[in-house]
Undergrad: 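Dropping the structure in here first, questions after.
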Amino acid sequence: MAKFIFRVFLAVILLCLSNRVNGKAKFKDVEEKLKQLNKPAVKIIQSEDGDIIDCVEIYKQPAFDHPALRNHVIQMKPSFDLKEVKINSKNESSKLTVFQTWQKSGSCPEGTVSIRRIRREDLLRANSVQQFGRKPQEVVLKSNTTIEHKDGQSPFFNNTKFTIVNRSAATLVTVGYNYIGAKADINVWTPNVESEDEFTTAQIWLKAGPGDNFESLESGWMVNPQLYGDKKTRFFAHWTKDSYKTTGCFDLQCSGFIQTSSKIALGAAISPISMELGQQYYITIGIYMDENTNNWWLIFGNGITIGYWPASTLNVLKNSATMVEWGGQVYSPNVRKSPHTKTAMGSGKFASSLKGNACYMENIGIVDFSTQLQYPPAVTTLAEENYCYTALNHQDGSESSPTFYFGGPGQNYNCP
Ligand SMILES: *[C@@H]1O[C@H](CO)[C@@H](O)[C@H](O)[C@H]1NC(C)=O
Ligand SMILES: *[C@@H]1O[C@H](CO)[C@@H](O)[C@H](O)[C@H]1NC(C)=O
Ligand SMILES: *[C@@H]1O[C@H](CO)[C@@H](O)[C@H](O)[C@H]1NC(C)=O
Ligand SMILES: *[C@@H]1O[C@H](CO)[C@@H](O)[C@H](O)[C@H]1NC(C)=O
């Protein structure tokens, strides 16, 4: 017994020391953050993939720690009709959607919301407790020097050449209108992520504000080992008010998103994954502003309301978005460099390999103040490192609107 206690004691000491030595999150900060993030659960669901889902009383969720939300009264459902934000032309029953792994192990009772528990080791992997759960700041270098690969042109910067540090994207972009909604069906894959501090996404962005200080609401799927502790494909949401400088986070890892769903957990793993030349799976993501409250709703699948970003925490976006992007992004210190990262985007195949191989988005739509869901009036494609990850908007034979293909392997013969 004494020996056992001594061993535990030793382990704790070593843990404290190792934290200090590698300069990562400090023990005390970690414990405080855990207490702040994880709210008391009414019911706990242990998922077979290792996740723990806490069913938290709806008014005890993390959003209520936000100063602007202390007295917020939850809007339980959107005031728009979800049937109206449905895709018009396609046969939905012939498509296969995904589920979340934890749903096999139980469900959360009414009056609660399902929240993926943050574990101690999740925080210990972060570079700092302050930075935990957030996209790294987006630093934009405007430049007219030639950098190894052809750089993208951003509508934000008036066609000035630009480089976004540590990020590489391949996207479909629409600008110049006032958008109050955007959606897409996003094909699901599990791309390779080379090292722990890198991630890869397939997502929608709704943005407003200047290019170096924009607001953004985002959702899609992601593989992010540093954040989640594994390389599974997970459903995520993210927001920021200042280009990720000091505000915002993924999922519910800070206060700012109000969840209303007890069925879907942000940050939880999704499956099945599409197979090469085989069955394709997708998630439907919709982000729509409620014109009565100016809250932005996140809709998953065929009309499952996840929750909303409240108007009171937003600035310009409170009124409308001015830009929508669909596509993938790789975060890595080794983009625009040789050796280039081997972290893949989409399925890991280039856009030109089309359906069955490349990752795609279809039923792409926007909502403007006509409140009709429609294909965006003007789109452009953008591939920041065209030899590593590509973008292709392609009219597949019978479809009523183009399908957007994107992705690539990262490092390859043409992207050394
Ligand atoms: C939709 O697809 C299903 C299964 O493939 C088929 O049975 C049905 O007739 C189709 N409906 C329409 C309206 O095309
Ligand atoms: C970039 O362009 C600006 C004017 O357009 C010029 O003043 C500057 O010298 C250029 N920089 C380089 C490094 O070529
Ligand atoms: C962007 O373009 C507009 C008109 O095309 C011009 O008036 C404006 O000065 C440009 N801004 C910058 C930063 O170059
Ligand atoms: C890019 O990544 C490197 C390595 O992780 C990091 O030191 C640097 O701060 C990052 N730069 C930005 C602007 O995020």
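When a ligand or atom number is given, it counts from 1 through the structure's own listing order.
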Undergrad: Relative to the heavy atoms of Val165, which atoms of ligand 4 are at a distance of less than 4.0 Å?
TA: 11 (N), 12 (C), 13 (C)
Undergrad: Hey, is NZ on Lys28 packed in by over 12 heavy atoms from elsewhere, all under 6.0 Å?
TA: no
Undergrad: Decide yes or no for Thr305 and Pro78: does some side-chain heavy atom of the first lie under 4.5 Å from some side-chain heavy atom of the second?
TA: yes
Undergrad: Where is the nearest protein heavy atom to atom 13 (C) of ligand 4: which residue, which atom, and how far?
TA: Val139 CG2, 3.4 Å
Undergrad: Do Thr174 and Tyr179 meet the criterion of a side-chain donor-acceptor pair at a distance under 3.5 Å?
TA: yes
Undergrad: Considering heavy atoms of the protein only, find what lies nearest to atom 5 (O) of ligand 4 and give residue, atom and distance to 0.1 Å.
TA: Pro333 CG, 3.6 Å
Undergrad: Given Asn127, Asn166, Asp197, which one has a non-hydrogen atom that is nearest to atom 6 (C) of ligand 4?
TA: Asn166
Undergrad: Taking the six-membered ring of Tyr331 as reference, does the cationic atom of Lys135 (NZ for Lys, CZ for Arg) lie under 6.0 Å from its centre and within 45° of its axis?
TA: no
